Amino acid sequence: MKADSRVHITPHMHWDREWYFTTEASRILLVNNMEEILTRLEADEAYKYYVLDGQTAVLEDYFAVVPENRPRVKALVAAGKLIIGPWYTQTDTTLVSGESILRNLMYGIRDCQPFGEPMKIGYLPDSFGMSAQLPHIYNGFGITRTLFWRGCSERHGTDKTEFIWQSSDGSEVTAQVLPLGYAIGKYLPEDEAGLRKRLDDYFEVLEKASVTKEILLPNGHDQMPLQQNIFAVMEKLRDIYPQRHFVMSRFEEVFDHIDAHRDRLATLKGEFIDGKYMRVHRTIGSTRMDIKIAHARIENKIVNSLEPLASLAWTLGFEYHHGLLEKMWKEILKNHAHDSIGCCCSDKVHREITSRFELAEDMADNLTVFYMRKIVDNMPQSEEDKLVMFNLMPWPREEVINTTLRLRASQFQLRDDKGQVVPYFIRAVREIDPGLIDRQIVHYGNYEPFREFDI
Ligand SMILES: [Zn+2]
């Protein structure tokens, strides 16, 4: 067998918060796994690294029930042993908007800060395809490296697993693809026959496709506890494959080697949704349309209505409610995890997803009304009723607007802030129950009817 590759064994676990199981089911495993991980990292100098799946929602789920372990996590992150972030959740990249992807990174990186530095790799080991614009978003956060599995084949322009990936604005990241997935090194057997059966074929595929011959063998899988006997396995690997160098490593070390050989790498552009070697689950685009529609509506409400309104209010001197916005974002970002928004979960999980969307939408609707009221209440006082339009586009607009007014009058005039008459016509008018507006006056009987005008 030919020669000389370095095999980087990186301990990790991939964390689907929910899928065919609920978040509460996975949280129980998480509490157990985390204790093992922390204990091993603290006690064993040689057990150098553990990658916490590139998402901080795992930590949030953990600290919600084991808050007393924050100092232990902080110490291990500071020591460079426990590797956290940069995402908040393991997001889908083709069903959610660019703004959602960006917020996922923003909140993830922020959540890392009390503990230490986030992993500066766009790490999406399981997401079902990669959006073409990811390098642009990564560069915006100072991230110049990405590691993923699904969607790539030689049909994109190289048969190598390392390449430069460029988005349409020219942003670039160094990409490392996991051609056989993130779990090829899970529960490695300790005996020669078992190891050969697993790895003989894998090594050949990995080495053939590698420019640098720096091979990744991620040691972990979905929700799996860490492999306690990994050093015994590594000793055996050294016996069986003397031409290969086995090290416990973190992903950054592999990228350091790749970046040193940038001149030998191909440059690829575009999205990765090729299913030649792995499933990319394109059918997730049409699963559970009720959830997909709710997702699109709420994402649109927050990004295109509420946040511009909040910014407008802030420029007028009102508070920008970062905490409320973060909470509603985090509710929907949990739903943006690949299995969750993929809607390939159990019905019970889909109900939980729906309830997070309901919570976020309720928050968004109420905060929108709050900001509109605040702004209107603080306008100059006037004897007349106010009809206020909010232009949430970043440019002036002149257009016909449809709206509905409720008035205790049969006639009215609209005037702008300079007293100029604004033309309108009535599309429909209805008399409405005055009790809807003022129950008191119903008792007196003698009042002008209330009318609702569509103008
Ligand atoms: Zn997954």
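Every number for a ligand or one of its atoms is a count from 1 in the order of the listing. Just so we're clear, the structure is a prediction, and the values are computed from it rather than from any experiment.
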Checking Thr158 side chain against Lys160 main chain: does a donor-acceptor pair fall under 3.5 Å?
yes

Sequence neighbours excluded, the answer for salt bridge (charged side-chain N to carboxylate O under 4.0 Å, His left out) partners of Arg351 is none

Would you list the protein N, O or S atoms within less than 2.8 Å of the Zn ion (ligand 1), leaving out water?
His14 NE2, Asp16 OD1, Asp126 OD2, His338 NE2

Fit a plane to each ring of His257 and His8, take the angle between them on a 0 to 90° scale, and name the class: parallel (under 30°), tilted (30 to 60°) or perpendicular (over 60°).
tilted

Side-chain heavy atoms of His221 within contact of His14, under 4.5 Å
no

When you look at Glu253 and Tyr49, which way does the side chain to side chain donor-acceptor pair (under 3.5 Å) test go after all the steps?
CA-CA 12 Å; Glu253 290 179 22; Tyr49 305 117; 3.1 Å; yes

Got a second to check how far Ile258's CD1 is from Thr212's OG1, nearest 0.5 Å?
5.0 Å

